[in-house]
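Data block below; observations after.
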Protein chains: 2
Amino acid sequence: MVTMQQVADHARVSISTVSFVVNDTKPVTPETRERVLQAIDALGYRRNTMARALASRRSHVLALIYPLIEQRNHHAFVSAAATAAREHGYSLVLWPLHSDEVSTEIASLIQAGSADGVLLMEVQLEDERVTRLREAEAPFVLIGRTRELDGIDYVDIDFERSTEMAVNDLARLGHRDFSLVLEDLSETPLAGYAPPLRTEETFRAVIAERGFNGEVFRVPHRAPEISALTDRILREAPRTTAIISMHDEASLALVSTLPHRGIRVPQDMSIVTIAMSTAIAELMNPALTSYEAPGWELGRAAAEALIARLEGRDGPTVQTLLACSLREGQTVGAPRASRSATAPA
Amino acid sequence: MVTMQQVADHARVSISTVSFVVNDTKPVTPETRERVLQAIDALGYRRNTMARALASRRSHVLALIYPLIEQRNHHAFVSAAATAAREHGYSLVLWPLHSDEVSTEIASLIQAGSADGVLLMEVQLEDERVTRLREAEAPFVLIGRTRELDGIDYVDIDFERSTEMAVNDLARLGHRDFSLVLEDLSETPLAGYAPPLRTEETFRAVIAERGFNGEVFRVPHRAPEISALTDRILREAPRTTAIISMHDEASLALVSTLPHRGIRVPQDMSIVTIAMSTAIAELMNPALTSYEAPGWELGRAAAEALIARLEGRDGPTVQTLLACSLREGQTVGAPRASRSATAPA
DNA sequence: TTGTAGGCGTTATCAG
DNA sequence: CTGATAACGCCTACAA
């Protein structure tokens with residue numbers, strides 16, 4: 001391993017001069033700088049990450065804490081965060097965390113100096129991890145939102161706006177009778193997960209405001225309930241002409257099952273999904289129209305917000321909301337003029 | 001921040017003694033140990049990661065290098081690797097790497113002491129990154145296999161065996177006429193990606209050995225080609241009664257398109273997919289029968305192999321192959337006794 | 001503009 | 001079994 005001292009010797013300067021040019025922290029004459037640079041090049045010097053971290057008290061590591069639930073598509077998000085981090089000279093470590101370790105592990109991560117800051121995903125409305133992070137005075141950025149948001153940095157999907165867009169886009173085509181499909185997380189560790197709650201709330205508000213009809217279906221993550229959904233909607237909300245779904249599995253099931261009930265998509269029923277991975281939506285036949293989650297942008301925004309916080313401790317609170325963007329598919333059309341109840345097969 | 005020295009003072013021992021109990025590196029009298037432990041507890045001491053790394057010359061970090069291609073489902077794999085790492089006192093950092101940075105970045109990662117070892121995924125048959133890693137004498141484990149494997153640690157899916165299983169399972173039901181669908185990566189950065197190559201080779205061998213008929217279809221990752229696949233198979237390999245697919249998008253397209261051609265799945269055509277994310281397979285209607293990739297096991301095995309290599313530099317080469325496991329769906333059945341060509345719609 | 005020297009918090013070697 | 005003490009490689013006042 002090549003050390004700074006060796007570079008200094010080779011360039012016939014002192015070790016601090018090397019440090020100055022490496023970190024660009026103090027002015028150095030062009031000639032000296034050049035000599036140093038050449039020495040660095042000649043010797044193949046790399047400044048030691050750990051020594052730097054120790055001396056500067058900054059690890060240049062961001063920890064991404066995520067639960068091991070893993071049903072969703074966090075891929076774009078994680079990649080984007082890692083990429084952005086690296087572009088800024090940071091690295092991203094994955095910190096899988098079971099719910100029962102939260103209290104102990106989360107503070108120690110920072111106290112041990114393993115990371116400078118924390119990215120927290122799958123945030124719940126009331127989230128113990130946030131409490132712990134504040135207690136530990138750890139710099140952090142949420143991906144998602146807690147209920148209480150005073151002075152908290154976060155980036156999140158704008159579910160409110162996305163839901164509104166979905167209803168409005170469909171209304172523009174003439175739809176008046178909606179069904180909303182959500183994941184029922186009530187019996188899972190994600191019980192307090194905000195997106196379905198926010199979406200439902202917004203849905204009800206928009207529906208009420210515009211005088212539409214809207215039914216809400218909460219569907220757990222179990223095969224039987226998912227399979228039964230199609231018939232359930234046809235039975236319990238027979239007037240439905242448009243389904244808005246935030247339940248990936250249910251969306252797919254609907255698209256592939258409705259035709260078997262004699263209901264054509266989109267002629268007899270429109271379907272849109274919110275925040276689904278487009279990769280999957282596009283694979284369906286017909287391709288699902290979806291409001292795509294801005295995963296990549298969120299990941300980047302989160303990492304950059306955290307770095308900004310780390311580098312300028314004072315800055316204003318970052319509270320970024322990004323709406324989903326419409327990805328046209330083939331599951332949306334105008335409602336049939338005169339369709340009423342359609343009997344299940 | 002609480003330091004070892006403070007703990008030592010509090011426990012009225014020397015700093016080295018604290019180190020001995022913290023690291024369990026030398027025998028200490030139960031009483032002294034107890035005093036130290038209590039001091040640690042009382043002060044809330046955490047040993048500083050960076051100082052330890054510097055002094056011990058071991059960062060306890062594993063770097064997961066992955067390309068930004070991202071079409072696959074690496075989630076289980078990454079989570080498992082991160083989890084296993086943490087269980088062993090390591091952490092996993094994500095190191096996104098564009099192909100043009102390979103030569104410079106890969107060595108510096110180790111030389112800078114940012115990580116002790118490297119996990120490399122999406123390995124190609126000839127992979128420059130492997131060359132670089134060897135040059136840098138960086139400890140590494142592949143997820144995947146290069147052509148040359150002497151003394152190289154790797155874990156990989158046993159595509160050969162998985163393919164064989166698929167053909168044999170189908171043959172047992174009476175199938176004799178197969179089509180194999182693969183991703184055509186020839187124009188992509190993954191051109192030398194081994195799985196499709198190994199699978200094709202095995203497929204041809206098994207087919208030949210057992211005297212079956214088999215056609216191979218290479219399908220790029222573009223919508224038109226994927227949509228056209230169904231008709232292409234019906235046209236070019238009309239006798240096919242069973243399709244084996246290692247192309248996720250194509251698998252989905254086949255399942256949802258064949259019925260529109262008057263071909264029922266599985267009565268008229270069986271379909272199995274290899275190495276697809278089960279999560280998706282199960283969403284289809286009918287649910288895809290699939291040979292599921294052991295993502296979680298691979299991730300864990302890879303991390304543990306690397307750690308073993310780091311801790312006992314000498315150990316034997318780890319070369320682990322894990323076959324996919326059958327996940328029954330509803331897309332496989334016996335072939336129709338007397339089906340011949342079926343005309344495209 | 002450049003150099004000197006004292007940490008940063010641990011580990012690890014050697015005495016005792 | 002316990003304690004000094006010298007690294008580890010770099011950063012950063014402070015001095016020159």
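A, B, ... follow the sequence lines: proteins, then strands. Residue 1 opens every chain.
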At under 4.0 Å, does any side-chain N or O of [X] touch on OP1 or OP2 of [N]?
X	N	answer
B:Thr17	D:dT2	no
A:Thr29	C:dT2	yes
A:Asn23	D:dC10	no
B:Ser56	C:dT11	no
A:Thr3	D:dG9	no
A:Ser16	C:dT2	no

Q. Between B:Asp116 and B:Tyr90, is any pair of side-chain heavy atoms under 4.5 Å apart?
A. yes

Q | Non-hydrogen side-chain atoms of A:Phe20 and A:Val13 separated by less than 4.5 Å | A | no

Expressed in angstrom and rounded to an integer, what is the separation of [X] atom [atom1] from [N] atom [atom2]?
X	N	atom1	atom2	value
A:Arg58	D:dC10	CZ	P	18 Å
A:Asn48	D:dA7	CG	P	18 Å
A:Arg35	C:dT1	CZ	P	15 Å
B:Arg57	C:dG9	CZ	C1'	14 Å
B:Phe20	D:dG3	CZ	C1'	8 Å
A:Met4	D:dA7	CE	P	20 Å
B:Arg46	C:dC8	CZ	P	22 Å
A:Glu31	C:dT1	CD	P	11 Å

Q | DNA chain D: 5'-proximal contact among A:Lys26 and A:Val22 (nearest heavy atom) | A |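 With A:Lys26 and A:Val22 compared, the 5'-side residue is A:Val22.
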
I'd like to know if [X] pairs up with [Y] as an ion pair, taking the criterion as any Lys NZ or Arg NE/NH1/NH2 lying under 4.0 Å from an Asp or Glu carboxylate oxygen.
X	Y	value
A:Asp158	A:Arg145	no
B:Arg129	B:Glu122	no
B:Arg134	B:Glu148	no

Q | Flag for A:Arg52-A:Asn23: side-chain donor and acceptor within less than 3.5 Å | A | no

Proximity to the side chain of [X] - top-ranked nucleotide from [options]:
X	options	result
A:Arg52	D:dC10, C:dC8, D:dC8	D:dC10
B:Arg47	C:dT10, D:dC10, C:dG9	C:dT10
B:Tyr45	C:dG9, C:dT10, D:dT12	C:dT10
B:Pro27	D:dC1, D:dC10, D:dG3	D:dC1

Heavy atoms only, 4.0 Å cut-off, all strands: where does [X] land among base, sugar-phosphate and nothing?
X	result
A:Arg33	nothing
B:Val13	sugar-phosphate
B:Met50	nothing
B:Thr32	sugar-phosphate

